[in-house]
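Right, one structure below, let's go through it.
These numbers come from the heavy atoms of this one structure, side chains and all, not from hydrogens, waters or symmetry mates.
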Amino acid sequence: MALYLDTLGQQRVRRDLALLHRTATRIGGSLDVVRVVRDLADILVPAFGDLAWVDLADAVPSGDEPPRLAGGGELHMHRAAVAAAGDAPWPAHLLQPGQPAPPVPSSATLRAVQEGRAVLLDREVVADVLGNDESLVRLFVPEDGHSGVWAPLFARGLVLGNITVWRTDQPDPYDERDADLLAEIASLAALSVDNARRYTRERRSVLALQQRLLPPPAGDQPAAETAGLYLPAGEGAEISGDWYDVVPLPSFRLALVVGDVAGHGLYATATMGRLRTAVRTLADLELDPVELLTHLDDGVQQLTRETDPDTPVGATCLYAVHDPVTGRCVLASAGHPPPVVVRPDGTTEVIDVVPGPPLGVGGMPFETAAVDLEPGSVLALYTDGLIERPDGDLDSGVRWLADSLAELCGPGRSLDEAGRALMSRLDDAAPRDDAALLLARVRAIPADDMAHWQFAADPAAAAQARQAVAEQLAAWDLEEMAFTTELIVSELFTNAVRYAGGPVGLRLIRGGALVCEITDPSNTQPRLRRARWTDEGGRGLFLVAQLSARWGCRYGRHGKTIWAEQPLTPAPVDLASLV
């Protein structure tokens, strides 16, 4: 035979423990400050009282630390969450959600709460705290409130806010055990609020750093109109290392890059910044996509060796170069999702580019894909956060992306507007991974803005080249550029004949600038040097560098091309400075 006794005290203990457990379970997993305090208010009503509110320090929701307060005055707090029993409307005479707390006089009760203690309330206590100011009392005491408890959200010596609970319909007044219980609940809530606050601050810092590392969201180049968009992961997910970039190349070509660093947080963002810098540096060398990814892969492996060999750095990357002269786009992928093309007629195509290994794996080759793009086509590069689905079916995500782009990227719509509309179509649930999108509406250099000749490797052909250039510039109404352009052509052509042989190709391209290109069959690297006054030669490239805004060299399958670029409104030339 067994006898079970269940006293009122034991029931109260079980009820209090259940309330503590429910509080810890519900608010412990959130990293959103406002959500934590709203859940806290909902937990306390009606289980602990009839009315509850949570005030937060103004600095807390944005992730900053609140000021250390002692005594009365301006509290720098606002009402962040409220709850009323039975879903009743919040009383109009009380401080409303979002409103700032008014200044209050100093009192022993206020200082006790600021030091981390919970206190029992009734109308008389509140009136004493507020200096018997009836207008203030009405803001903090419900009309039928007969008993209340006030406890601070106290963590690491900081008052992050406070909790107040009142009983209006429930007849039993609060006692010291209730005050201790609310103090314990407030302690649990303070830890959650502080964790959420610190997460918000770190997330804000990482997001600000990442956005500063990304290029301007919109661009307008001779080769394409571009728009880049970045969507950070939702609540509870750290910022990762997604990035995009647009790199103008010589001869009006344009490099388009998108990548995704493995991992999350500040480390992934810093790694993203290093990779973006490396890509820009390699792009300036005018490497083809496969060679660029190969060098980038070597750099990622070196980065792993320099940091922590047991935690390899990993990333995916897609690198594309669009040439508005030929209308061809050449791509290579390091484990990245394939790009999507929207043709001017609205049809879509997923470019069949063989994905090489992710960066940092090493030992495996990358492959090139090429696609001809009509003017007005939209090329979309993206990270996998844009196409991930809960069922893991990336193919359906790519189909969704292609269909959405076909609908949104009409000829009369800006790419930035289309990209934002696309991002808004993502699932209502907060994305678990970052998403980056780079859109490029490609253009072509008109045939009338290009001229091409080919000459034999004969020094006498330099005069023919100069004559051809002069006639073409006259046809373009650019006679004022004839002198400098003929001089550039003469020096580059002579060097090609002397050191490389023939045939020698000459091309002029008119766009936002005037580009002059000399192509020869040699792979020898031209080098700029300063000739001594006794030297009979060696001044050719020096003259080219002085007369042009920039110059360089790139290599193809058969030889190299030396190019020089001049602004269409040239500056006066001081011949004496070139001697």
Side-chain angles (χ1 to χ4, degrees), residues 210-211 213-232 242-249 252-260 276 279-280 283 289 316-324 327-333 336-351 353 369 371-388 394 397-426 431 433-444:
Q210 184 165 42
Q211 290 175 337
L213 291 173
L214 293 175
D220 196 359
Q221 306 287 340
E225 169 201 356
T226 60
L229 297 99
Y230 169 73
L231 182 66
D242 292 19
W243 93 93
Y244 60 85
D245 206 352
V246 178
V247 186
L249 299 177
F252 307 113
R253 295 172 303 128
L254 193 65
L256 306 169
V257 194
V258 67
D260 186 358
R276 180 178 174 237
V279 169
R280 276 192 161 260
T316 64
C317 182
L318 180 68
Y319 183 79
V321 176
H322 174 62
D323 188 344
R328 171 154 288 204
C329 183
V330 182
L331 316 94
S333 171
H336 206 80
V340 176
V341 175
V342 182
R343 304 287 182 179
D345 60 2
T347 60
T348 60
E349 175 187 355
V350 179
I351 298 179
V353 52
V371 59
D372 294 322
L373 300 178
E374 304 94 329
S377 298
V378 175
L379 181 65
L381 285 69
Y382 54 92
T383 57
D384 56 6
L386 194 64
I387 60 172
E388 285 181 339
L394 294 182
V398 174
R399 289 193 299 271
W400 168 85
L401 176 62
D403 293 341
S404 299
L405 289 172
E407 179 185 348
L408 296 172
C409 294
R413 192 168 194 179
S414 72
L415 292 184
D416 184 68
E417 180 184 348
R420 294 183 185 281
L422 177 67
M423 290 294 194
S424 68
R425 292 187 176 187
L426 294 178
D433 196 6
D434 296 17
L437 173 66
L438 178 59
L439 300 175
R441 181 176 283 125
V442 302
R443 297 170 176 147

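- Considering only heavy atoms from C-beta on, L386 stays 4.5 Å or farther from L231 through its side chain.
- S404 places no side-chain N or O within 3.5 Å of a backbone atom of L401 that could act as its donor or acceptor partner.
- The side-chain heavy atoms of T348 and L405, taken from C-beta on, include no pair separated by under 4.5 Å.
- By the 4.5 Å heavy-atom criterion applied to side chains, C317 and V257 are counted as neighbours.
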Please report the C-alpha distance between Y230 and D242 in whole Å, then the side-chain angles of each, then the deciding distance to 0.1 Å, and finally whether the side chain to side chain contact (heavy atoms under 4.5 Å, CB included) criterion is met. CA-CA 8 Å; Y230 169 73; D242 292 19; 4.1 Å; yes
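- Screening L256, L438, L318, V350 against P339 for a side chain to side chain contact (heavy atoms under 4.5 Å, CB included) leaves a single residue, L318.
- In this structure, Y319 contributes its side chain and V258 its backbone to no donor-acceptor pair below 3.5 Å.
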Show, in sequence, the C-alpha distance, side-chain angles and deciding distance for L394 and E388, and conclude whether the side chain to side chain contact (heavy atoms under 4.5 Å, CB included) test is met. CA-CA 6 Å; L394 294 182; E388 285 181 339; 4.1 Å; yes
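- The closest side-chain heavy-atom distance from I351 to P338 is not below 4.5 Å.
- M423 contributes atom CE, which lies 5.0 Å from atom CG of L229 (distance to the nearest 0.5 angstrom).
- R328 contributes atom CZ, which lies 9.5 Å from atom CG of L373 (distance to the nearest 0.5 angstrom).
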Would you please test H336 and T383 for side chain to side chain contact (heavy atoms under 4.5 Å, CB included) and show each step? CA-CA 7 Å; H336 206 80; T383 57; 4.0 Å; yes
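- Scanning both residues, W400 and R425, for their nearest heavy atoms gives CZ2-CB, 3.8 Å.
- Contact annotation: the side chain of D260 never approaches that of D434 to less than 4.5 Å [non-hydrogen atoms, C-beta and beyond].
- For D345, the salt bridge (charged side-chain N to carboxylate O under 4.0 Å, His left out) test picks out no residue, with sequence neighbours left out.
- Considering only heavy atoms from C-beta on, L254 stays 4.5 Å or farther from R443 through its side chain.
- Minimum heavy-atom separation, L331 to P289: C-CB, 4.1 Å.
- In this structure, the separation between CG on L381 and CG on L439 is 9.0 Å, given to the nearest 0.5 Å.
- Distance check: L415 CG to E225 CD gives 4.0 Å after rounding to the nearest 0.5 Å.
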Residue pair D323, L249: steps toward the side chain to side chain contact (heavy atoms under 4.5 Å, CB included) verdict: CA-CA 9 Å; D323 188 344; L249 299 177; over 6 Å; no
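- Closest approach of G376 to P344, counting heavy atoms only: C-CG, 4.1 Å.
- Residues R413 and L408 form a side-chain contact, since some pair of their non-hydrogen atoms from C-beta on lies under 4.5 Å apart.
- For D416, the salt bridge (charged side-chain N to carboxylate O under 4.0 Å, His left out) partners two or more places apart in sequence, or in a different chain, are R420.
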